[in-house]
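The structure that follows is given in the form of structure tokens.
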Amino acid sequence: MALDTAIAKADPLPPGAVEPRRRLKRFGGSRLGGLILALNLLSLLILFVGALALNEWQRGLIEARQQTLTAQGELLVKVLGDEEITRGDPQPALDPFKAAELLIDNFIPEGQRARLFDIDGLLVADSYAVTEVIPGQPLPPALPAGTPPPTPDADSRSRDAAELDRARGALAAEVEQALDGEPQATLRLSESGDRVVSVSIPVRHVQQVLGVLTLEAGDVDETLAAQRRALMPFALVALAVNLLGSLLMHLFVARPVMRLSAAADEVRLQRARAISLPDLEGRKDEIGDLARSLETMTETLSDRMDAIEAFAADVSHEIKNPLTSIRSALETLPLVKTAAQREKLTSLLQQDVRRLDRLITDISNASRLDAELNRDRPRAIDLTQLLTEIVGVYESGLKPGEARVVFEALSGDHVQIMGRDGPLGQVFRNLIDNARSFSPPGGTVRLSLDRDDIDPDRPVRVRIEDDGPGIPPENLETVFERFYTARPRGTAFGANSGLGLSIVRQIVEAHGGRVSAANRTDAAGGVGGARFEVALPAAPTAGRRA
């Protein structure tokens, strides 16, 4: 049967219904998304802060080193500018011998180099030349006996020479700028290829510039290496945060999804009727929402399967009755002797055939109902106009002796609802047909449309009233069950299948509404007929009743 075509589809929200308000989340409506983003940003933030801190530390360390060298150099140039270190009158000049003795007498810390240049930029004294410090790099380990010494190629020699020229050029430029009278502080390469912090301070006698004192500190590479080592804890922390994020992703996302997938496979293989994972359903994030949605979906699937089984059993039972009657009549037909008996038996066969045709038609309509409701998208419908058109069709086709249908819009305006006009039209036609079948000849079926606030979620009310015998009180709910029928006296046999009101309830509930049955009472307190009421949600843009 086609009833199961819409099983896998989630039931849409009823028209006019408000979606439950979800919890406020921190990132794009997602807790897990916010957690993942926060962990990734945290690891990047750690590296960024570490890099900024080390850059500031490096810059501050170099500036502090330059300030220290500047303070040392200013003390030395004061002494070098003294009259005892200079010679010549009226043009004073540095005495190279006394200046060299001064560099010997003054302590130059390890890792520093002091050089003195005259007014022409020529080297006068070098602390490496007057101390026991031997500049250069350690010799490589000795080669085994008989091994020819490596000979540097021409390219490496040319590169070394170019680097040496660049280093000497940088030093000469720094000295030349200092000879103009302004102290210089730079970070440059030395002749050995090491980075050094260098300050060059003019040596003055009164206002006369006599030369330049250059102090260099060659421990910059060691300082930078220490900074790189200091960066390692930040990198390790960032790595740990990333690993933690990956582990959390595995524990809180990957594994629950795998469990949900396995549970879905259990349902697919018919080892279970529904997914049930209480520990996941209690979570307050998207995984919990997914687990609850899957559980609801599989429970709905199970309920639909039960409904299909019950529907199939009811259909089988209802179809067997006319088939059994037809078979009995056909078996009896050869045994009848009179024309009257044959005519009566033929009439009975025709009634059973009509009843069977009616059953098959209504069963086909009921089986296609779910598919039709899920295929069409709800839209705004003018319920006043829809009911007016339906009543107009009944009025135009009215035959003598049939009950008339009268429509009255009590609200005084056009009522808008969200729904599907085809199924809703079937609802009101089924209710009108049911009311007319119970009405006396020439009676009236009254159809009214109104709005009220008794049920704010379903303010639109449609009532169908007849003047028939009413409904037994114990059957006010039973009339909506499948294949229930209580035919009035004189109704043609087989004209009712018992599915009309069941289809009505199914369509109304699919639109978020409610249908109910009651008996009307007259002035004497007796039953004056039946009343069916359909309550539907209004369209979101529909105005309130004035």
Going through the checks in order, is the side-chain contact (heavy atoms from CB on, under 4.5 Å) test met by L383 and L386?
CA-CA 5 Å; L383 188 58; L386 177 63; 4.2 Å; yes
Heavy-atom check, side chain of R429 versus side chain of Y394, under 4.5 Å:
yes
Taking the side chain from H511 and the backbone from P537, do they hold a donor-acceptor pair closer than 3.5 Å?
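No: the side chain of H511 does not pair with the backbone of P537.
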Check this for me: does any side-chain nitrogen of one of R379 and D421 sit under 4.0 Å from a carboxylate oxygen of the other?
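Salt bridge flag = yes for D421 with R379.
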How long is the gap from CZ on R531 to CZ on R446, to the nearest 0.5 Å?
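These two atoms lie 9.5 Å from each other.
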V427 and V508: which non-hydrogen atoms are nearest, and at how many Å?
CG1-CG2, 3.9 Å
Would you find a donor on one side and an acceptor on the other, under 3.5 Å apart, between the side chain of T384 and the backbone of V415?
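Yes; judged by distance alone, with no hydrogens or angles, the pair exists.
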Please walk me through it: do E477 and R505 pass salt bridge (charged side-chain N to carboxylate O under 4.0 Å, His left out)?
CA-CA 11 Å; E477 186 66 24; R505 169 163 284 185; 2.4 Å; yes
Less than 4.5 Å apart, any side-chain heavy atom of N434 and any of V504?
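They are not in contact (no side-chain heavy atoms under 4.5 Å apart), so the answer is no.
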Write down the atom of A403, the atom of V445, and the distance for their closest heavy-atom approach.
CB-CG2, 4.3 Å
For the side chain of S261 and the backbone of V257, is there at least one donor-acceptor N/O pair under 3.5 Å apart?
no
Rounded to the nearest 0.5 Å, what's the gap from CD on Q341 to CG on L333? Could you check?
11.0 Å
Hey, could you give me the CZ/CG distance between F438 and D466, rounded to the nearest 0.5 Å?
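Spacing of CZ (F438) from CG (D466) equals 8.0 Å.
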Kindly determine whether F532 and F480 satisfy side-chain contact (heavy atoms from CB on, under 4.5 Å), including the steps that lead there.
CA-CA 11 Å; F532 288 87; F480 296 103; 3.9 Å; yes
Could you tell me whether R520 and D467 make a salt bridge, using a distance below 4.0 angstrom between a side-chain N and a carboxylate O?
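Yes, charged N to carboxylate O under 4.0 Å.
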Check: M297 and T300 side chains under 4.5 Å, non-hydrogen atoms:
no
Hey, does the side chain of S347 reach the backbone of E343 with a donor-acceptor pair shorter than 3.5 angstrom?
no
Carefully, step by step, assess R292 and D289 under the rule salt bridge (charged side-chain N to carboxylate O under 4.0 Å, His left out).
CA-CA 5 Å; R292 289 187 291 271; D289 294 339; 2.4 Å; yes
Where I507 and Q426 come nearest, the two heavy atoms and their spacing
CD1-OE1, 3.9 Å
May I have all residue pairs that pass salt bridge (Lys or Arg N to Asp or Glu O under 4.0 Å) and include part of residues 240-264, sequence neighbours excluded?
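Found R259-D279.
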To the nearest 0.5 Å, tell me how far N430 CG sits from S502 OG.
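If I round to the nearest 0.5 Å, the distance is 10.0 Å.
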Within this structure, what is the NZ-OG1 distance for the pair K344 and T338, rounded to the nearest 0.5 Å?
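That separation rounds to 10.0 Å.
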Output yes when a side-chain donor or acceptor of N519 lies under 3.5 Å from a complementary backbone atom of I471, and no otherwise.
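Present.
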Not counting sequence neighbours, which residues clear side-chain contact (heavy atoms from CB on, under 4.5 Å) with E402? List them please.
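Only L398, K399, R436 meet the side-chain contact (heavy atoms from CB on, under 4.5 Å) criterion with E402.
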A side-chain contact here means heavy atoms from C-beta on lying under 4.5 Å apart; do I287 and F252 qualify?
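In short, these two side chains do not touch, never coming nearer than 4.5 Å.
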Show, in sequence, the C-alpha distance, side-chain angles and deciding distance for L424 and I417, and conclude whether the side-chain contact (heavy atoms from CB on, under 4.5 Å) test is met.
CA-CA 11 Å; L424 285 174; I417 64 171; 3.6 Å; yes
Check S439 against A435 and note the closest heavy-atom contact, atom names and distance.
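Closest heavy-atom pair between S439 and A435: OG-O, 2.7 Å.
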Distance check, rounded to the nearest 0.5 Å: D455 atom CG versus R461 atom CZ?
5.5 Å
Backbone N/O of Q385 and side chain of D382: donor-acceptor pair under 3.5 Å
yes
Can you check whether V460 reaches L449 side chain to side chain, under 4.5 Å on heavy atoms?
yes
Does some side-chain heavy atom of L447 sit less than 4.5 Å from a side-chain heavy atom of I432?
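Yes, their side chains come closer than 4.5 Å.
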Tell me, with the steps shown, if E509 and R514 meet salt bridge (charged side-chain N to carboxylate O under 4.0 Å, His left out).
CA-CA 6 Å; E509 290 181 348; R514 185 179 63 249; over 6 Å; no
May I ask you to check whether S325 and D352 show a side-chain donor-acceptor distance below 3.5 Å?
yes
Under 3.5 Å donor-acceptor, D285 side chain and G288 backbone:
yes
Shortest non-hydrogen separation from A329 to L345 and the atoms involved
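Heavy-atom minimum between the residues: O-CD2, 3.4 Å.
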Do R458 and L536 pass the side-chain contact (heavy atoms from CB on, under 4.5 Å) test, and can you show the C-alpha distance, the side-chain angles, and the key distance before you say yes or no?
CA-CA 5 Å; R458 304 174 185 87; L536 293 169; 5.9 Å; no
